[in-house]
Amino acid sequence: MFNPDLKKLLKDCNSRYSLVIGTAKRAREIRDDAVKNDVLLDTKSVSLAIEEILEGKYVVDEPDELKSKK
């Protein structure tokens, strides 16, 4: 079972809500690209999206109100 570290996922996000929405958005993009190119995915698109977020390949964009002031 895929169980990513939530602290690592939230290091660049302030909101779990933003993380969930960003992950879902990226998972849909992955799925749509696979359907468009007639590719069968061995791994679930949500798992691939989470891996991309962890690796820094995809950055979750948050509204200005939720971004932390550094």
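Under the 4.5 Å side-chain contact rule for hydrophobic residues, L48 and L9 do not share a cluster. Connection of L10 to I50 is established within a shared hydrophobic cluster, with ILVMFWY side chains joined at heavy-atom distances below 4.5 Å, either directly or through further cluster members.
Between Y58 and E51 there is no side-chain heavy-atom pair separated by less than 4.5 Å. L6 is listed as a side-chain neighbour of L19, based on a closest heavy-atom distance under 4.5 Å. Under the 4.5 Å side-chain criterion, counting only non-hydrogen atoms from C-beta, R26 is not in contact with I53.
Scanning both residues, L54 and P4, for their nearest heavy atoms gives CD1-CB, 4.1 Å. The shortest heavy-atom contact between V60 and C13 is CB-SG, 3.7 Å.
To the nearest 0.5 angstrom, I30 atom CD1 is 14.0 Å from K44 atom NZ. Interatomic distance, OG of S45 versus CG of D32, reported as 9.0 Å (0.5 Å rounding). Atom OG of S18 is separated from atom NZ of K25 by 10.5 Å, given to the nearest 0.5 angstrom.
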